[in-house]
Amino acid sequence: MTTPLFRIGYGHDIHRLQQGGRLVLGGVVVSEEMSPIAHSDGDVVIHAVVDALLGAMGWGDIGEHFADDDPRWKGQPSLVFLEPTVQRLRDSRYAVQNVDVSILAERPRLKAFKGEITASLAAMLGVAPDAVNIKAGTNEGCDAVGRGEAIAAHAVVLVARIPTEPPSLPLATMLGAN
Ligand code: MG
C-alpha cells in the first residue's frame, strides 16, 4: 500500500429546501425559517467535507459509510458523520492541512455567518481557523439552487501524512548502538 505525503479530496452535496424547521451549515444554525429535506440534519457543508475527506483517503463516499435509510442517523447532527471520519483519518496517521468550502444558496444570505461556520468547522476538524475557508455565493438565479429550492456545497481538502516518530533510545540500544 502506498502512503503518499499528501492526498487531496473533493466533495459535493445538495439538498432540497422546505419551509419551516431549521437550516444548519457547518454545525451553525443559519435559518429557522427553512430546512433541508434530508434523513439527517442535511448539513450540506459537513456532508461535502466528509465526502472530501473520504475521497482524499480513497475510502469511497458518505453513502457507503452512513446510509441515508439507517435509523441511527435520522434527524442527527452531521457531526456524527464527521467525527468518526476525522478519527479514522488520525488513526491512519494523516492530518487535515486545509479545507476550502463553497456554499451555493440563493437564500438565506450567508455573509454574516461565514466567520461562525469557519470557527465551527475548524473545531470539528481539530484544526486552526485559518486552515478553513468558507465561500458563500448564490447560483445567479440558475436551476433549483438559483430558485431557492435547494442548497449545495462543494469542498476540497488536503491531508498530509503525519511523520513517524524516530526510533527511541531503547530501540537503538536494542539494535546494538551504544
Ligand atoms: Mg447530504
Side-chain angles (χ1 to χ4, degrees), residues 7-89 96 98-111 113-114 116-127 131-140 142-159:
R7 303 184 65 118
I8 189 167
Y10 164 76
H12 165 258
D13 193 34
I14 185 166
H15 281 270
R16 282 180 292 142
L17 290 170
Q18 62 191 350
Q19 289 299 316
R22 61 183 203 168
L23 179 62
V24 182
L25 294 175
V28 175
V29 177
V30 300
S31 173
E32 298 200 288
E33 293 172 2
M34 65 187 83
S35 55
I37 298 171
H39 183 64
S40 65
D41 68 351
D43 188 325
V44 290
V45 169
I46 294 185
H47 293 187
V49 169
V50 169
D51 249 356
L53 290 168
L54 294 172
M57 297 304 290
W59 291 338
D61 62 52
I62 191 170
E64 289 172 37
H65 297 274
F66 310 102
D68 66 4
D69 56 1
D70 188 326
R72 280 180 298 170
W73 317 131
K74 188 163 171 54
Q76 288 296 304
S78 293
L79 184 59
V80 297
F81 310 138
L82 188 59
E83 210 164 38
T85 306
V86 169
Q87 188 56 52
R88 187 177 169 196
L89 186 81
V96 173
N98 73 299
V99 181
D100 188 18
V101 179
S102 280
I103 308 167
L104 293 172
E106 211 65 24
R107 62 193 177 97
R109 295 292 161 163
L110 297 172
K111 195 176 172 184
F113 294 102
K114 282 159 74 175
E116 206 180 330
I117 295 171
T118 299
S120 169
L121 198 53
M124 289 178 183
L125 290 166
V127 299
V132 175
N133 188 70
I134 299 292
K135 302 193 291 290
T138 68
N139 213 34
E140 292 292 328
C142 300
D143 69 36
V145 174
R147 289 191 298 273
E149 297 166 5
I151 184 165
H154 302 263
V156 178
V157 60
L158 185 72
V159 299

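The analysis underlying the following values was restricted to heavy atoms, covering all of them including side chains, and did not include hydrogens, waters or symmetry mates. All ligand and atom numbering here is 1-based and tracks the order in the structure. All residue numbers refer to positions in the sequence shown, counting from 1.
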Original post:
Which atoms of the protein, restricted to N, O or S, are nearer than 2.8 Å to the Mg ion (ligand 1)?
Top reply: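 You should have found D13 OD1, D13 OD2, H15 NE2, H47 ND1.
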Original post:
What's the spacing between Q19 CD and E33 CD if we round to 0.5 Å?
Top reply: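 Between Q19 CD and E33 CD, I get 8.0 Å after rounding to 0.5 Å.
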**OP:** List the steps and the verdict of ring pair (Phe, Tyr, Trp, His ring centres under 6.0 Å) for H15 and H47.
**Re:** CA-CA 10 Å; H15 281 270; H47 293 187; 5.5 Å; yes
Original post:
Does CD in E149 sit with more than 12 non-hydrogen atoms of other residues, nucleotides or ligands closer than 6.0 Å?
Top reply: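 Yes, CD of E149 has more than 12 neighbouring heavy atoms, counting only those of other groups under 6.0 Å.
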**OP:** Would you tell me whether S40 and Q76 have side-chain atoms, one donor and one acceptor, within less than 3.5 Å of each other?
**Re:**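 Distance-only check fails for S40 and Q76.
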Subject >> Candidate list V157, T85, L89, test side-chain contact (heavy atoms from CB on, under 4.5 Å), partner L54, passing option >> reply: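 Passing option: T85.
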**OP:** Decide yes or no for V99 and N133: does some side-chain heavy atom of the first lie under 4.5 Å from some side-chain heavy atom of the second?
**Re:**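 Of all side-chain heavy-atom pairs linking N133 with V99, none is under 4.5 Å.
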